[in-house]
Amino acid sequence: MKAAGLEALRPVPDVPDAFAAELAAAFAGRPGQRFSLVLSGGPTARACYERTAGLAPGSIDWSVVDIYMGDERWVPPDDPDANQRLVREALLEVVGPVGSFRPMPTTGTMPDCVTAYQRTIGELIAGGGPDLVHLGLGPDGHTASLFSGSDALEAGPDQLVVGTTDPNEHNPHLRLSLTLPAIAHARLVVFTVSGPEKREAFEAVRAGVDLPATRVRAGTVRWLVDAEAFGDPVPTGGGDR
Ligand code: 6PG
């Protein structure tokens with residue numbers, strides 16, 4: 001299995017900077033009036049959103065940006081582990097009002113939460129699909145809350161959201177996640193991968209090992225990977241003249 005978007009890839013000097021620039025460029029080139037953005041959780045994501053919030057004023061007109069979540073831990077909205085809390089703190093509270101924010105519901109029963117967000121994402125897809133989905137890469141190769149060995153990886157084309165858990169028990173919490181078919185509707189997926197603890201997983205993705213991240217497809221898939229995660233030494237100078 002070959003992962004998408006890895007041809008002629010080179011590491012980036014700073015992943016959060018590269019993410020902020022990628023998002024600003026995608027916003028500038030958006031096909032419609034509005035821009036739909038699907039966000040994730042984790043420390044790399046937090047750094048990316050903080051850097052994005054610090055972009056020069058006017059880089060992004062946040063009043064036309066509709067924000068969704070790609071995955072969520074099934075905890076109360078203000079729990080320290082809630083991805084929506086991370087997004088509020090790192091981005092929304094800094095940039096001011098956005099077009100809309102549609103976090104994954106986590107109160108009520110899991111089936112009700114899944115059904116409600118399935119409707120939300122169904123509407124997003126019916127309207128043309130996400131302009132940008134941001135994904136991370138776990139050290140075990142997971143992305144969003146799609147874990148190796150999970151039934152969630154086998155979701156059919158109409159199953160856009162799942163309630164799930166890590167069968168390998170490396171990652172805590174019941175979770176909600178977009179499925180691979182839902183992510184595939186994105187115009188652009190941006191992976192951010194930073195730090196030596198991601199090197200093994202990234203090498204496995206590059207080698208085509210069947211990990212959740214390897215299976216991601218979208219209009220375009222872009223990988224922003226720093227040298228520590230990348231592995232191979234970067235050639236400096238030399239070559240043909
Ligand atoms: C989550 C995430 C998850 C994350 C990876 C990598 O809720 O945990 O959405 O899929 O993207 O664990 O996280 P980092 O890139 O921040 O290490």
Side-chain angles (χ1 to χ4, degrees), residues 3 11-12 14-20 22-23 37-52 67-91 102-106 113 117 121 130 132-150 152-153 161-180 182-183 186 189-205 211-216 218 221-230:
V12 298
D14 183 273
V15 167
D17 270 357
F19 176 82
E22 193 73 50
L23 176 48
L37 176 61
V38 180
L39 298 180
S40 66
T44 310
R46 180 182 287 276
C48 288
Y49 305 154
E50 286 171 352
R51 204 66 58 84
T52 300
I67 299 182
Y68 302 81
M69 296 303 304
D71 74 319
E72 183 58 280
R73 294 95 186 267
W74 205 49
V75 296
D78 283 333
D79 189 280
D81 284 349
N83 286 345
Q84 61 174 294
R85 176 173 170 168
L86 180 157
V87 168
R88 284 201 178 89
E89 289 174 354
L91 188 66
R102 311 285 298 274
M104 288 176 159
T106 56
C113 292
Y117 215 66
I121 296 300
L132 192 158
V133 173
H134 178 208
L135 294 176
L137 175 69
D140 54 359
H142 81 262
T143 193
S145 282
L146 301 172
F147 300 99
S148 290
S150 160
L153 289 169
V161 178
V162 283
T164 189
T165 185
D166 179 3
N168 315 297
E169 299 182 1
H170 295 146
N171 298 276
H173 300 303
L174 280 172
R175 294 165 177 244
L176 291 106
S177 183
L178 296 199
T179 60
L180 292 167
I183 293 168
V189 159
V190 179
F191 274 98
T192 53
V193 188
S194 176
E197 65 280 9
K198 301 294 173 65
R199 182 175 293 194
E200 208 176 305
F202 181 63
E203 276 176 2
V205 170
L211 293 170
T214 313
R215 296 193 187 193
V216 169
V221 177
R222 199 149 289 152
W223 290 81
L224 305 175
V225 184
D226 65 16
E228 288 181 305
F230 203 89

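Just so you know, ligand 1 is whichever comes first in the structure, and atom 1 is the first atom listed for that ligand. Index from 1, following the sequence. All values reported here derive from a predicted model rather than from experimental measurement.
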Identity of the nearest option to [atom], non-hydrogen atoms only, from [options]:
| atom | options | value |
| --- | --- | --- |
| atom 11 (O) of ligand 1 | Ala201, Gly136, Ala45, Pro212 | Gly136 |
| atom 16 (O) of ligand 1 | Thr44, Asp71, Thr143 | Thr44 |
| atom 4 (C) of ligand 1 | Gly70, Ser40, Gly41 | Gly41 |

Would you mind listing which atoms of ligand 1 come within a distance below 4.0 Å of any non-hydrogen atom of [X]?
| X | result |
| --- | --- |
| Arg175 | 1 (C), 7 (O), 8 (O) |
| Leu137 | 6 (C) |
| Pro43 | 16 (O) |
| Ala144 | 3 (C), 10 (O) |
| Gly42 | 16 (O) |

Determine all donor-acceptor pairs shorter than 3.5 Å in which one atom belongs to a side chain in residues 40-47; sequence neighbours excluded.
{"residue": "Arg46", "atom": "NH1", "partner": "Glu89", "partner atom": "OE1", "Å": "3.4"}
{"residue": "Arg46", "atom": "NH2", "partner": "Glu89", "partner atom": "OE1", "Å": "3.3"}

Inset, instruction - Only counting residues at least two apart or in another chain, list the ones meeting side-chain hydrogen bond (donor to acceptor under 3.5 Å, both in side chains) with His173. - result: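 So His173 forms a side-chain hydrogen bond (donor to acceptor under 3.5 Å, both in side chains) with Asp81.
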
Inset, instruction - Indicate, as side chain, backbone, both or neither, the part of Arg46 found under 4.0 angstrom from ligand 1 when only non-hydrogen atoms are considered. - result: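 Neither part.
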
Inset, instruction - Select one of side chain, backbone, both or neither to describe which atoms of Leu135 lie under 4.0 Å from any atom of ligand 1, heavy atoms only. - result: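 Neither part.
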
Legend entry - Qualifying residue for side-chain hydrogen bond (donor to acceptor under 3.5 Å, both in side chains) with Arg73, from Asn83, Thr106, Asn171: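 Result for side-chain hydrogen bond (donor to acceptor under 3.5 Å, both in side chains) with Arg73: Asn83.
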
Legend entry - Cationic N near anionic O, under 4.0 Å, Arg51 to Asp17: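 Asp17 and Arg51: salt-bridged.
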
Inset, instruction - Taking atom types as modelled, find out whether His170 and Asn168 have a side-chain donor-acceptor pair closer than 3.5 angstrom. - result: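 Short answer, no.
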
Legend entry - Residues, nucleotides or ligands: over 12 heavy atoms within 6.0 Å of Glu197 CD: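 Yes, enclosed.
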
Inset, instruction - Look at ligand 1 and say whether Glu72 reaches it with a heavy atom at a distance under 4.0 Å. - result: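 No, Glu72 has no heavy atom closer than 4.0 Å to ligand 1.
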
Nearest 0.5 angstrom please: [X] [atom1] to [Y] [atom2], how far?
| X | Y | atom1 | atom2 | result |
| --- | --- | --- | --- | --- |
| Tyr49 | Leu91 | OH | CG | 8.5 Å |
| Asp14 | Cys48 | CG | SG | 8.5 Å |
| Leu174 | Asp166 | CG | CG | 11.5 Å |
| His134 | Leu37 | NE2 | CG | 9.5 Å |

Residue, atom name and distance, where the atom is the protein heavy atom closest to [atom]:
| atom | value |
| --- | --- |
| atom 12 (O) of ligand 1 | His142 NE2, 2.8 Å |
| atom 8 (O) of ligand 1 | Arg73 NH2, 2.7 Å |
| atom 7 (O) of ligand 1 | Asn83 ND2, 2.8 Å |
| atom 17 (O) of ligand 1 | Lys198 NZ, 2.5 Å |

